[in-house]
Colleague: 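Can you read through this structure? Questions will come right after.
If you're wondering where the values come from, they're calculated on a predicted model, not measured in any experiment. Each chain gets a letter, A, B and so on, in the order its sequence line appears, and its residues count up from 1.
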Amino acid sequence: MLKLQDLTVDLAGTSVLRGVTAIAHVASTVAVVGRNGAGKTTLLRTIMGLAKAKQGRVLFDDEDLLHRPGHHRAELGIGYAPEDRVIFPTLSVEENLRLPCEVQALDTADIDDRLESVLTVVPQLKGMLDRSGSALSGGQGKMVALGRALMIGTRLVLLDEPFQGLAPALARQYGEALVRLRDVRPDLCVIITESNASLLMDIPSQTLTLERGALEAGAPAH
Amino acid sequence: MTLDLLILAAADGFSYAGLLFLVSLGLTLIFGVQGILNVAHGSLYAFGGYTAATLAIWATEKQAPTWVLLAALVAAALLVGVVLGGILEIGLLRRVQDKDPVLQLLVTFAAFLIFEDLQRLIWGVSPYSSTEVVSRMGNLDLFGITYTVYQLLLIPAVALAVYLGLLYALRRTRLGKQIVAVTHNREVATALGINAKKIGLITFIAGAFLGALGGAMAAPTTSLVPGVGTDMIVLSFSVVATAGLGQITGAFITALLIGMARSLAVYTAPELEVAVPYLIMVAVLLVRPNGLFTVAQARRI
Ligand SMILES: Nc1ncnc2c1ncn2[C@@H]1O[C@H](COP(=O)(O)OP(=O)(O)OP(=O)(O)O)[C@@H](O)[C@H]1O
Ligand SMILES: [Mg+2]
């Protein structure tokens, strides 16, 4: 469903991604593992249209996403949970969750259904719905960011270092949510970046290793 | 100072605070979304004023009823907001979006200078005014002093309505939430499907409209001369800086504070009139460098 072909990205004159080629299939969870500064965030930002590629293609259903502005991703069913969460502080948690769907002008019944399905995947959100987006701990923010990505990401979800900075108990809950996600939305394609592969346990169906902007030789890209 | 003078100063300050708030609100709204302090906002105020006066003079000649004169003020602000605001955003600000803030400031300052000359070209340098609507709306008695209904009631009412309407819109409407999201984080807002460019244009036009509305509402109460835009932009900078950039309720309270203080100074120590807003601003910024009303940022890791 998502194919990266020879993706090359320069940021501020230095080359950050160098000829990344990979495939992520429907119903798979792909881990992208790499050290700090390896280019994981840049890879996801490029897929999202937030960083400009110098060369290469990002094919989604055989359409090159690089020809589309960043804000078109949501409409294609692509969700994104950024590394630093960014939950809007003047909105409640529930409003934060609903926002990407409201932007797409989905009808309320549809949004209600999505919210319900997200709450079965991330039940921890139930108790926080009325809370202000400014009153969340870092870990809770990660949960909300996951929920928000799932609200709009019906086909592909990109999670940037979700386990980073989570206390062990929260990390376990987050992992359980990802396992439940497989059951609730079997067709979803999930891409997770992480610097510490062991945090991902056995969740990924495929692991790619990113090293200084290039995928390690031998990484399965079938 | 006699009680009469005090009441008069309070009424002046109250009315002026309404205008100041409208202009400052536009400035702070645009800064929130675009991250640009728009010096040309002062030109929008001036053009709003001159356009409103032009329409009012014409409508008065045609013996138009009072409501038409009032509608002409809003129409002038809309016209200036959409046309000049649109030209500024699409032609200029959009092109310097990711550039150095100093360059952005210079570019809007250049636009301001161009508009200032344009305004002299169109309306000349002699005072320009049409006070018809103020006299038609009459006066009222306030503890023994007489004051115009237009200044004492209409201007503050418009400011209050704009304030409440904007709070509601940002909190509850789809467009408003998108403006909030872009203000907070443009990139993540984009990832959530928000067209930040479009939201930027809409916000800029809304902010430009508010600046022009300030000018249009002021027009019937004063004589317009070259330089009105400069006075207003400088004063609204001090409101926005004192309140904290992007603070709407803060701007509301600060505009009232600065408006009142300025007008008290006019009556008690006229030589201080010009300095008072800055004294307040400096005092506040010494104690709270990010402004009176800036709350702690949402937690980051
Ligand atoms: N906006 C930018 N301008 C210039 N260089 C950048 C920019 N963003 C990232 N880089 C550089 O690109 C490289 C990859 O950064 P990136 O954030 O993608 O890494 P990462 O794998 O996500 O790291 P981390 O694990 O710390 O999140 C780094 O060397 C970084 O310094
Ligand atoms: Mg990163």
Side-chain angles (χ1 to χ4, degrees), chain A residues 41 44-45 47-52 69-92 95-106 132-142 144-145 148-149 151-153 157-158 160-161 164-166, chain B residues 28-29 31-33 35 94 97-100 163 166-203 243-252 290 293-301:
Chain A
T41 300
L44 299 193
R45 288 182 65 240
I47 297 171
M48 290 305 295
L50 304 170
K52 220 170 137 77
H71 68 271
H72 280 187
R73 305 295 186 276
E75 145 190 88
L76 297 172
I78 301 177
Y80 173 59
E83 195 170 16
D84 48 2
R85 313 181 303 274
V86 192
I87 306 305
F88 300 115
T90 56
L91 305 180
S92 71
E95 287 171 321
N96 268 284
L97 292 172
R98 288 175 180 271
L99 181 64
C101 300
E102 286 177 1
V103 172
Q104 295 304 323
L106 302 181
S132 152
S134 63
L136 301 173
S137 74
Q140 291 167 333
K142 290 265 181 185
V144 177
R148 186 178 60 189
M151 287 293 290
I152 195 75
V157 167
L158 310 176
D160 197 1
E161 299 207 44
Q164 183 94 98
L166 286 193
Chain B
T28 212
L29 202 60
F31 180 83
V33 170
R94 190 170 281 193
Q97 189 86 68
D98 308 313
K99 299 286 192 312
D100 187 350
Y163 168 66
L166 193 72
L167 279 190
Y168 175 83
L170 291 179
R171 195 75 191 76
R172 297 271 174 241
T173 66
R174 184 147 66 104
L175 177 64
K177 288 181 198 170
Q178 296 187 69
I179 292 175
V180 167
V182 175
T183 300
H184 188 67
N185 190 314
R186 192 180 186 91
E187 176 166 317
V188 172
T190 303
L192 297 180
I194 297 171
N195 184 347
K197 249 190 200 162
K198 189 175 100 188
I199 295 297
L201 178 61
I202 293 172
T203 311
L245 284 160
Q247 298 298 313
I248 291 170
T249 300
F252 187 73
N290 290 324
F293 298 93
T294 308
V295 283
Q297 278 281 315
R299 267 215 275 183
R300 299 185 188 243
I301 294 182

Colleague: List the atom of B:A191, the atom of A:Y80, and the distance in Å for their closest heavy-atom pair.
Modeller: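 Closest approach of B:A191 to A:Y80, heavy atoms only: CB-CD2, 3.5 Å.
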Colleague: Specify which of A:S132, A:A149, A:A105 makes the most heavy-atom pairs with chain B at under 4.5 Å.
Modeller: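 Top option by heavy-atom pairs under 4.5 Å: A:A105.
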Colleague: Below 4.5 Å from any heavy atom of chain B, which atoms of A:L99 appear? Answer side chain, backbone, both or neither.
Modeller: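 The side chain, not the backbone.
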Colleague: Can you tell which part of A:A135 gets under 4.5 Å to a heavy atom of chain B, answering side chain, backbone, both or neither?
Modeller: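 The answer is neither part of A:A135.
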Colleague: Which one wins on heavy-atom pair count under 4.5 Å against chain B: A:H72, A:R45, A:E75?
Modeller: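 Result: the option with the highest number of such pairs is A:R45.
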Colleague: In sequence, state the C-alpha distance, the side-chain angles, and the governing distance for B:R174 and A:V103, and then conclude on side-chain contact (heavy atoms from CB on, under 4.5 Å).
Modeller: CA-CA 7 Å; B:R174 184 147 66 104; A:V103 172; 5.6 Å; no
Colleague: Which residues in residues 192-200 of chain B have a heavy atom less than 4.5 Å from any heavy atom of chain A?
Modeller: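 Heavy-atom contacts from residues 192-200 of chain B to chain A are B:L192, B:G193, B:I194, B:N195.
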Colleague: Do any pairs count as a salt bridge (charged side-chain N to carboxylate O under 4.0 Å, His left out) and have a residue in residues 95-106 of chain A, sequence neighbours left out, and if so which ones?
Modeller: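 Counting only pairs at least two positions apart or across chains, the salt bridge (charged side-chain N to carboxylate O under 4.0 Å, His left out) contacts touching residues 95-106 of chain A are A:E94-A:R98, A:E95-B:R171, A:E95-B:R172, A:R98-A:D112, A:E102-B:K177.
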Colleague: Among A:R148, A:M48, A:M151, which residue forms the greatest number of heavy-atom pairs with chain B at distances under 4.5 Å?
Modeller: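 Among the listed options, the one with the most contacts to chain B is A:R148.
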